[in-house]
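What follows is one structure encoded as structure tokens, with my remarks underneath.
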There are 2 protein chains.
Amino acid sequence: MTETVTEPSAAAAAGSKSEQAYQAVKARIVEGTYSPGYRLVLGSIAKDLGVSVVPVREAIRRLEAEGLVTFERNVGATVAGIDPTEYLYTMQTLSIVEGAATALSAPLVDSVAIARARAVNEEMRECLHHFDPVRFTQLNQDFHSILFEHCPNPHILDLVHRGWNRLAALRSSTFRFVPGRAHESVNEHEALLQLIESGATADEIEKAARLHRSATLDAYLAQSKQ
Amino acid sequence: MTETVTEPSAAAAAGSKSEQAYQAVKARIVEGTYSPGYRLVLGSIAKDLGVSVVPVREAIRRLEAEGLVTFERNVGATVAGIDPTEYLYTMQTLSIVEGAATALSAPLVDSVAIARARAVNEEMRECLHHFDPVRFTQLNQDFHSILFEHCPNPHILDLVHRGWNRLAALRSSTFRFVPGRAHESVNEHEALLQLIESGATADEIEKAARLHRSATLDAYLAQSKQ
DNA sequence: AGGTACGAAATCGTATACGATCACTATCGC
DNA sequence: GCGATAGTGATCGTATACGATTTCGTACCT
């Protein structure tokens, strides 16, 4: 099950139809029901959710602000595209904010959390055997979420989540993961845990976390080049 | 004149009343007409702008997504607060994204741009004499904007602009700049330019740019402590 | 046959209207 | 006198309605 990464701050006005529409459409985009390029017609969605167009419109504009949909005046909204350039931007940005989030969180990660993260990572290793990319991706998020649990800066965490949601929207379409890379990734996770355990400097941790993300980007670029 | 930092991507649907309301309210927040804590009443703003409440509501929700206003269900919107914690989060995040933006842009900054940036910086030095914080802040943005002109990642640039807008909203209220710090800041600008000119590594440039921002935060923290 | 102009259908954008919710005040009971 | 409660005004949230704009199909002209 792919889950939408929900920000507590944004979930303030839960219960309103606008919020309901927001969550519903977001979920469908993230889990792939609406794939990139899908045309979001206000009237249809409204009827579908049993609300009027006004809250739906509001929800979609909010999703636009998050980069999950693109909007064109008097034409309508479509689920945000699969442009390789956009992928590059998102991955690069994620590399930076994940690096920062990891470094900031590291001093606050206790041994219990490390153990939990390690368990998740071992489960990811399992996934490599009985090839399960969807679960792998989910576990990957879980792994990092554990490290970010006590992140002292919610803004940065928010940026991480936004990046994840964008990637999730793309995942099911063009950007399949590079199998060889997944294996490396698991090893990098373990290395990262050891780095944190050993009380490495913030700089070292940040660099490692950054590379962890950008290596995935590089693997994609290398693959798409040939 | 304080100017709203406008993202070209977001300005897509210009001309619509919703867009007009968005720009208008955003401008008033950034330039300080609506200070933090100001209650944004939909009906009043709508009447004020000569439009109905629906586009205003939409505009305000978009501003909420940018962090410029806070929204409470069935109660209304207020201009986002002056919470020192929020200030810390914003500055810390800015430190990271500005650092990245500077490092990414550095290889693309030519000598002409350097000269322009240097000129702006000298103008900032002038401002220190005939104490003009508002202009100083504007020039500061100009300085960095020149360096970011050819930033290869628009997402990161967008994050920088969002941070600036948040700070602009706070500027006129509690968070006055620390005079001594402003002087240092100008010197750091010059150092940064020389670093770029000398073809320093991305790491070095990033670190310098980061410190440049976080030193301002530290100065504020030191001042507010006593 | 190809291109253009027109018209209809679909969809968007926003005004208006009304029900729902909240804050605030005044009154009542203790 | 003080706390609880009902009433009132203000504001929000959303449904509905209608004008504006775009898109697409069709007929017409060259």
Side-chain angles (χ1 to χ4, degrees), chain A residues 9-29 33-81, chain B residues 9-29 33-81:
Chain A
S9 56
S16 68
K17 307 212 172 175
S18 139
E19 186 64 25
Q20 173 197 338
Y22 170 76
Q23 296 293 348
V25 177
K26 182 172 179 177
R28 289 181 194 185
I29 292 174
T33 310
Y34 296 156
S35 351
Y38 183 91
R39 179 83 187 283
L40 296 169
V41 179
L42 296 185
S44 313
I45 297 176
K47 204 166 63 176
D48 204 40
L49 297 176
V51 300
S52 87
V53 297
V54 178
V56 173
R57 182 184 160 85
E58 184 179 300
I60 285 181
R61 297 295 305 244
R62 271 170 74 191
L63 291 169
E64 183 200 12
E66 288 182 32
L68 286 178
V69 313
T70 59
F71 208 87
E72 203 177 342
R73 156 126 181 164
N74 278 325
V75 174
T78 56
V79 177
Chain B
S9 56
S16 67
K17 306 212 172 173
S18 138
E19 185 65 23
Q20 173 197 337
Y22 170 77
Q23 296 294 349
V25 177
K26 183 172 179 175
R28 289 181 194 184
I29 292 175
T33 310
Y34 296 157
S35 353
Y38 183 90
R39 179 82 189 284
L40 296 168
V41 179
L42 296 186
S44 313
I45 297 176
K47 204 166 63 178
D48 204 40
L49 297 176
V51 300
S52 85
V53 297
V54 178
V56 173
R57 182 182 160 85
E58 184 178 300
I60 286 180
R61 297 294 308 240
R62 272 170 74 193
L63 291 168
E64 183 200 12
E66 288 182 33
L68 286 177
V69 312
T70 59
F71 207 87
E72 203 177 344
R73 155 125 179 163
N74 278 324
V75 173
T78 56
V79 177

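Every chain is numbered from 1 and lettered A, B, ... according to where its sequence line falls, protein lines coming before strand lines.
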Next on the checklist: On the nucleotide D/dA15, are OP1 or OP2 found under 4.0 Å from the side-chain N or O atoms that A/S52 carries?
Outcome noted: yes
Checklist entry - Is the phosphate of C/dT14, meaning OP1 or OP2, less than 4.0 Å from a side-chain N or O of A/R57? => result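 Indeed, a polar side-chain atom of A/R57 lies that close.
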Give, for atom [atom1] of [X] and atom [atom2] of [Y], the distance between the pair rounded to the nearest 0.5 Å.
X	Y	atom1	atom2	value
A/R62	A/K26	CZ	NZ	8.5 Å
A/R28	A/L63	CZ	CG	12.0 Å
A/Y22	A/I60	OH	CD1	12.5 Å
A/Y34	A/I45	OH	CD1	5.0 Å

What's the closest nucleotide to the side chain of [X] if the choices are [options]?
X	options	value
A/V51	D/dA15, C/dG13, C/dT16	D/dA15
A/R39	D/dT11, D/dT14, C/dT11	C/dT11
B/N74	D/dA15, C/dT21, C/dT11	C/dT21
A/L42	D/dT14, D/dA15, C/dC12	C/dC12

Indicate, with a heavy-atom threshold strictly under 4.0 Å, whether [X] touches base, sugar-phosphate, or nothing.
X	result
B/V75	sugar-phosphate
B/L40	sugar-phosphate
B/V41	sugar-phosphate

* Under 4.0 Å between a Lys/Arg side-chain N and an Asp/Glu carboxylate O for A/R61 and A/E64? -> yes
Walking DNA chain D from its 5' end, the first of A/G50 and B/G43 to be reached, judged by nearest nucleotide, is B/G43
Per nearest nucleotide of DNA chain D, the residue lying toward the 5' end, A/P55 or B/A77, is B/A77
Between P on C/dA20 and CD on A/E19, what's the gap in Å once rounded to a whole number?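 It is 21 Å, rounded to the nearest whole Å.
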| task | Evaluate the side-chain proximity of B/I29 to B/E66: yes if any heavy-atom separation is below 4.5 Å, no if none is. | result |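 When only atoms from C-beta onward are counted, B/I29 and B/E66 do not touch, as no gap falls below 4.5 Å.
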As a check of understanding: the bend across the helix from C/dA1-D/dT30 to C/dC30-D/dG1, end axes from five pairs, rounded to 10 degrees, works out to 0°
